[in-house]
2 protein chains.
Amino acid sequence: METAPSPEKRKYENLLLAALPAAERARLDPYLHFENMKSGLSITTPGEPIQNLYFPFDAVTSTVQEMSDGSSIESGLMGLEGLAGVQVWLRQTSTPSKTFVQIPGTGMRISTEDFIREVRDTSSPLNDLIAAYVHAFLVLTSLTAACNRLHTVDERLCRWLAMCYNRAGRREFPLRHEFLAQMLGVHRPTVSVAANMLQKAGLIQYQRGNLRILNPEGLIDGACECYSIMEAQVTSIYRQTRSEKKSPSEFRLRRA
Amino acid sequence: METAPSPEKRKYENLLLAALPAAERARLDPYLHFENMKSGLSITTPGEPIQNLYFPFDAVTSTVQEMSDGSSIESGLMGLEGLAGVQVWLRQTSTPSKTFVQIPGTGMRISTEDFIREVRDTSSPLNDLIAAYVHAFLVLTSLTAACNRLHTVDERLCRWLAMCYNRAGRREFPLRHEFLAQMLGVHRPTVSVAANMLQKAGLIQYQRGNLRILNPEGLIDGACECYSIMEAQVTSIYRQTRSEKKSPSEFRLRRA
DNA sequence: GTACGTCGGTGCGGTGCCGTACAGAGTTGG
DNA sequence: CCAACTCTGTACGGCACCGCACCGACGTAC
């Protein structure tokens with residue numbers, strides 16, 4: 001199997017940025033600002049203009065759909081493999097979905113104006129990478145649509161935790177059942193039962209809002225097939241560039 | 001309310017193409033081939049290269065996710081408001097999802113090579129429109145992810161039929177319960193019960209694989225809120241261009 | 001300490017859909 | 001006109017999750 005990367009190495013990497021030629025990365029450097037992405041930081045809000053885009057390092061962001069009756073559910077999540085705020089790249093100033101930081105961490109921020117001027121409306125090689133990522137995100141969202149209907153809460157919980165672990169690059173992060181329920185589109189007690197099962201099986205460990213992943217492989221085993229397809233799609237973006245440059249595939253994928 | 005467009009007028013229109021300046025539309029004309037899009041025509045197949053893109057007129061296409069156990073579910077549908085095969089625009093040669101013609105009709109075909117050379121890799125104004133449509137399709141797919149989990153089969157059936165009606169531009173088209181079940185991600189008998197309810201309520205009429213929509217407003221009333229958000233997103237693409245050119249908004253939207 | 005708020009575990013009746021089976025109604029072909 | 005097939009309606013036990021309620025464990029403030 002692959003060896004897990006050291007946390008220090010992972011901490012300051014975004015796969016899109018890492019796949020850029022050094023010269024282009026240097027050109028964009030003045031517009032990229034290192035940021036501590038705190039939990040709950042809003043990236044897109046329905047009806048409001050998108051102010052910044054984010055290249056996450058070890059932060060994880062979620063796109064959720066909220067219904068008028070208060071129920072909500074996640075339709076996509078992204079981390080180091082992507083760019084939060086791709087709607088700007090698609091020539092939009094706002095979007096009806098909500099996107100925010102789910103698991104706190106670090107990342108690079110670029111303002112909408114800088115992004116449009118220096119990336120979107122130029123011939124930056126980053127555009128090709130973003131196009132591929134938008135496609136991967138569309139695939140991920142499509143599969144989420146299927147997964148939400150066809151698979152059980154237990155399977156989806158395993159998939160979700162495994163994918164978060166891959167993106168956060170660490171075993172422990174803050175996470176409440178209430179919050180998980182909103183992501184999975186189920187009620188809180190349903191999550192409690194499912195999470196408790198995983199805890200008893202020795203896969204995870206809970207303690208008042210803090211989750212610790214004990215056995216990532218076990219989670220993958222418990223997840224539905226969607227896990228493999230989603231993660232394979234993401235890694236395929238970076239497969240072409242791997243031979244050209246240093247391997248950026250510290251992105252973990254198991255059982256693909 | 002709005003008056004329904006005459007079928008003849010609707011029959012040869014795709015909103016993306018209609019929104020183009022006349023000169024650009026004329027420039028692309030040699031590459032666009034009128035086609036009778038028959039039921040089941042495959043547009044994207046997992047693992048295989050995408051050969052053609054389609055601008056539907058009154059045909060409706062579906063993107064579905066298929067699981068290894070044989071179950072399947074739709075993650076997005078598109079018709080006259082979009083372009084089937086946008087993955088090519090996103091620099092992909094293939095995609096893991098399956099896209100095919102759901103309701104037969106007409107449309108314009110363009111080969112992948114022609115599209116890349118004459119649209120994607122040029123500064124055609126069509127690129128801006130497609131970007132906006134890709135965003136709308138992403139929003140639609142995201143909402144489908146939520147809808148599939150949070151809403152009942154009855155609500156989703158109403159939404160689906162109403163959206164198909166908007167795109168097909170006619171009241172009658174071939175449709176079997178078996179097929180609807182695959183779209184909604186439920187079992188066939190579940191669809192039979194739900195469809196029978198709508199029939200008894202006088203909203204639709206079934207006859208051995210042929211569906212006739214009797215009361216579109218009734219379907220919209222029975223649909224979940226997702227209907228309005230999805231359709232509003234699509235019409236918003238064409239709102240900007242409406243003042244500039246002739247109104248292409250024969251796309252029906254009610255209760256938005 | 002006591003009081004309070006937050007978070008997680010559990011129980012239980014209700015319901016929506018599953019999974020499967022079967023019957024009837026229409027359609028096609030000899 | 002009968003046989004075979006396709007499509008739709010219906011029935012029923014089972015299960016996953018809902019919806020709600022309650023309790024206990026832990027953390028924090030005073």
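Remember, it's a predicted structure, so these values are computed and weren't measured experimentally. Proteins come first, then strands; the chains are lettered A, B, ... in the order of their sequence lines, and each starts at number 1. Note that these values count all heavy atoms, side chains included, but never hydrogens, waters or copies made by symmetry.
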Answer with yes or no whether the side chains of [Y] and [X] bring together a donor and an acceptor at under 3.5 Å.
X: S68(B); Y: E225(A); value: yes
X: N166(A); Y: Y227(A); value: yes
X: S72(B); Y: Q65(B); value: no
X: T152(A); Y: R156(A); value: no

Go through residues 186-199 of chain B and report each residue with a non-hydrogen atom lying under 4.0 Å from DNA chain C, sorted by number.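 Heavy-atom cutoff 4.0 Å gives V186(B), H187(B), P189(B), T190(B).
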
Under a 3.5 Å distance rule, please check whether T44(A) uses its side chain to pair with a backbone N or O of T99(A) as donor and acceptor.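 A pair under 3.5 Å: yes.
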
Between the side chain of T190(A) and the main-chain N/O of V186(A), is any donor-acceptor distance below 3.5 Å? no

Interatomic distance, [X] [atom1] vs [N] [atom2] [rounded to whole Å]:
X: D69(A); N: dG19(D); atom1: CG; atom2: C1'; answer: 13 Å
X: E178(A); N: dC20(D); atom1: CD; atom2: P; answer: 14 Å
X: L150(B); N: dG19(D); atom1: CG; atom2: C1'; answer: 15 Å
X: Q207(A); N: dG24(D); atom1: CD; atom2: P; answer: 20 Å
X: R176(A); N: dC26(D); atom1: CZ; atom2: P; answer: 18 Å
X: E155(A); N: dC17(D); atom1: CD; atom2: C1'; answer: 14 Å
X: Y206(B); N: dT6(D); atom1: OH; atom2: C1'; answer: 15 Å

Chain A contact limits on DNA chain C, taken 5' to 3' with a cut-off of 4.0 angstrom to heavy atoms: dG5(C) to dC17(C)

Is a donor-acceptor contact shorter than 3.5 angstrom present between the side chain of R208(B) and the base of dT6(D)? yes

NZ/NE/NH1/NH2 to OD/OE distance under 4.0 Å, E231(A) and R167(A):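 Result for this pair is yes, salt bridge flagged.
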
Spacing of R159(B) atom CZ and C224(B) atom SG [to the nearest 0.5 Å]: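 Result: 5.5 Å between the selected atoms.
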
Classify the ring geometry of H177(B) against Y206(B): parallel below 30°, tilted from 30° to 60°, perpendicular beyond 60°. perpendicular

